[in-house]
Amino acid sequence: MNPGELSVRGASPHTLAMQNFAVAQMFDDIADYLEIAGENSFKIRAYRRAAEAIAAYSEPIEDAAENGTLREIEGLGEATTAKVQEFLATGKVRYLERLREEYPHSLLELLKVPNLGPKKVAQLYRERNITSVEQLISAIEQGQLTGLSGFGPKTIENLRQSIERLAQMTTRLPIGEALQVAKNIVTALAATPAAERVEIAGSLRRGCDTVGNINLVTTGRNASALVQAFVKLPQVLSVLEQGEQKATVCVRPGIEVHLTCASPQNFGAVWFQATGSVEHLATARQKAESHGLRLQADGLYRGDKSLAAAEEKDIYAALELPYILPELRENRGEWEAAEAGALPPLVEVADIRGDLHTHSTWSDGSVTIRQMAQAMHERGYSYFAVTDHSKALAMTNGLNATRLRDQAKEIAEVQAEFPGLKILRGVECDILRDGTLDLDDEILHELDIVIGSVHSGFKFDEATQTARMIKAIEHPAVDIVAHPTGRILGGRPGYAVNVDALIEAAHDTHTALEINSSERLDLNDIHARTARDAGVLLSIDSDAHSPRMLPNVALGVLTARRAWCAKANILNTKTTDELLQWLHRPQAKK
DNA sequence: GCCGTTTTCGGCCCGACTGTTTTCAGTCG
């Protein structure tokens, strides 16, 4: 896809947010090319910062361009401002066009292969004329890399495995991105005259952490007009299928959006079918049969007679069951629970009273503690924890004991300005390779809250990794273990670790485990369910490095709901007093 | 390329690991 296209297509008023995305992408592309070109690393960082600044900008970037306030955005200077304006005016940037003439666009895909950085990509291009992942695979298979300096047998084997893993991960879209894409289309479609109701269905509605494609269900007076409007949306790159009642389009390479039009009378039945899961539907069909009913893709039937099912609850009612929420529809016990009248009450975003994992400019966060406090206050939170990185993570300017004590002074000042918001002194302390913590006990015990995290040693075998993490869980100072499996959606799988053993240790030591709501969603729904069943408290945190990441907790809440979590299973639904009491809990630590 | 400032240019994000080397380059967090 040519990112330039996005901007031209993005001119519709319903896709303003896409402009920020497209402009940020433009700067990221420039940075990628410059890396391959071996440019000055600070120049590259300047372009990355510009990309981040625009992605983080909360208003449409074209408004800032019109108002002449682009330069006020931190990270944009003379050169980048000019490029934003050129891009908005023409959909192109000549500087980037020149880079594209020099380097094939597919080289940027190669950069996404783990263990393959800009230097090696440039080398593969110069010395073997390899310009794409496909060509790299074939070169490896045909032994064309042997003799290339820096590419020994281990490196080549690592690359082969990296490409395999990458292929597995890029076929599915992380839920955060999928929701953005879907909401954008829903908004645009809902604004067309033909639409009455537009709803998200499929795995996205069930809150799965990644989705293969996006499903939408609509009603409207004129189905074919709706389909027409859908395939003509500015986001659509190509139309894959088009009928009277449904259509499938491609909105990003590999990402399909299916639209099904339903009549208002059977909307519930169609939405139910389009939501899934396959397993939940199979059980539903069996139960329908035992009630003398038939569930089909287009509705609910008794014999040949179509029964009205305008809402999903009509389907469950026909099965003499209470409504089952989409997040539970996985055939993981929801039918039995529904029959027993024991469906769990699920935690909601509104139950979250604070955020226990956040960063500030003291380490790698992009805003000050004061700015973060203001954002927390605006969200209506009762408390939040400042948990910057510890010194082992040197790249993030991690804190030692001295700086943590200096930080305490600033926290006290900001605390005085926000009397209704409890600001906890914390740290995200690295769990070192041997399972000890990066800071000594004296400073850790001064803090209100300590998060333990793994940021190194990803290649340990399972037994070593598990023992290392249990050692940290057993440390008396550790309150929460963050992102316990280390996975990044669409980025990397987690390290090898026995999560059941971690959960057991967390249970024995009254330690909470995190559902990290950033691009990780770690723990995932399955592990979180195990933790919940074991009575381990879960903390749904944003891991925010800027205020714009705070709303991500909604994704963590979805994961918790898929794990059958109620409010009581979540640490940060506690009131401030309850939380402070918990932080002083008697710990069965060894 | 951006920023801050001493308004004209120097500083900006570091350290460990891996695999390849034969003393270090590349990648990653």
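Model, not experiment: these values are computed from the prediction. Letters A, B, ... are given to chains in the order of the sequence lines, protein chains preceding strands, and every chain is numbered from 1.
Taking both residues in full, the closest heavy atoms of A:Asp438 and A:Ala392 are given as OD2-N, 2.6 Å, listed atom of the first, atom of the second, then distance.
The gap from the P atom of B:dT21 to that of B:dA16 amounts to 24 Å, rounded to the nearest Å. When the C1' atom is compared between B:dT7 and B:dC2, the two are found 15 Å apart, to the nearest whole Å. Across B:dT8 and B:dC3, the matching C1' atoms stand 13 Å from one another, rounded to whole Å. Of the P atoms belonging to B:dC13 and B:dT18, the separation is 27 Å, rounded to the nearest Å. When the P atom is compared between B:dC28 and B:dT22, the two are found 23 Å apart, to the nearest whole Å. Atom P of B:dC9 sits at a distance of 30 Å from the matching atom of B:dG15, rounded to the whole Å. Nucleotides B:dT5 and B:dG10 place their C1' atoms 11 Å apart, quoted to the nearest Å. The separation of B:dC17 from B:dG11, taken at their P atoms, amounts to 30 Å, rounded to a whole angstrom.
B:dC2 atom P lies 13 Å from atom CD of A:Glu39, rounded to whole Å. With rounding to whole Å, A:Lys154 atom NZ is found 17 Å from B:dA25 atom C1'. Atom P of nucleotide B:dC2 and atom NZ of A:Lys43 are separated by 10 Å, given to the nearest angstrom. In this entry the distance linking NE2 of A:His483 with P of B:dG29 reads 12 Å, nearest Å. Following rounding to the nearest Å, A:Glu72 (CD) and B:dC2 (C1') show an atom-to-atom distance of 16 Å. Spacing between atom CG of A:Asp434 and atom P of B:dA16 amounts to 14 Å, rounded to whole angstrom units. Here B:dC13 presents its C1' atom at 5 Å from CZ of A:Arg45, a figure rounded to the nearest Å. The distance between atom CG of A:Asp430 and atom C1' of B:dC28, rounded to the nearest whole Å, is 14 Å.
The residues A:Arg520 and A:Asp209 are annotated as not salt-bridged, no charged nitrogen and carboxylate oxygen being separated by less than 4.0 angstrom. Looking at A:Glu474 and A:Lys471, no side-chain N of the basic residue comes within less than 4.0 Å of a carboxylate O on the acidic one, giving no salt bridge.
Counting any heavy atom pair closer than 4.0 Å across all strands shown, A:Ile44 reaches no nucleic acid atom. A:Asn158 comes within 4.0 angstrom of sugar-phosphate atoms only, judged by non-hydrogen atoms across all strands, and of no base. Here A:Arg492 lies in heavy-atom contact (under 4.0 Å) with sugar-phosphate atoms only.
A sub-4.0 Å separation between OP1 or OP2 of B:dC17 and a side-chain N or O of A:Arg433 is present. For the OP1/OP2 pair of B:dC2 and a distance below 4.0 Å, the side-chain nitrogens and oxygens of A:Thr80 include at least one atom meeting the criterion. Put simply, A:Arg71 has no side-chain N or O that comes within less than 4.0 Å of OP1 or OP2 on B:dC2. Taking 4.0 angstrom as the limit, A:Thr396 places none of its side-chain polar atoms (N or O) nearer than this to OP1 or OP2 of B:dG29.
Listed nucleotides B:dG1, B:dC28, B:dG29 differ in distance to A:His455; the shortest reach to its side chain belongs to B:dG29. Listed nucleotides: B:dC13, B:dG26, B:dG29. Nearest to the side chain of A:Lys119: B:dG26. Residue A:Pro114 has its side chain nearest to B:dC28 when only B:dC28, B:dG26, B:dT20 are considered. Listed nucleotides: B:dC14, B:dT20, B:dG1. Nearest to the side chain of A:Met395: B:dC14. With B:dC14, B:dT27, B:dT20 as the candidates, the nucleotide lying closest to the side chain of A:Ala394 is B:dC14. Side-chain proximity of A:Pro118 to B:dT27, B:dT20, B:dG1: nearest is B:dT27. Among the nucleotides B:dT27, B:dG1, B:dC3, the one closest to any side-chain atom of A:Asn40 is B:dG1.
The aromatic rings of A:His359 and A:His545 lie parallel to each other, with less than 30° between the two planes, well short of the 60° mark.
Mapped onto DNA chain B by nearest heavy atom, A:Ala46 and A:Leu111 fall at different nucleotides, with A:Ala46 at the one closer to the 5' end.
Look at B:dG26: its Watson-Crick or wobble partner, with both distances under 3.5 angstrom, is B:dC17.
Each of A:Glu39, A:Lys83, A:Glu52 was evaluated against A:Tyr47; a single residue qualifies, A:Lys83, per the side-chain hydrogen bond (donor to acceptor under 3.5 Å, both in side chains) test.
Judged by the 6.0 Å and 45° rule, A:Lys120 forms a cation-pi pair with A:Phe151.
The closest side-chain donor-acceptor pair between A:Asp522 and A:His527, if any, does not fall under 3.5 angstrom.
Anti is the conformation of B:dT5, whose glycosidic angle sits further than 90° from 0.
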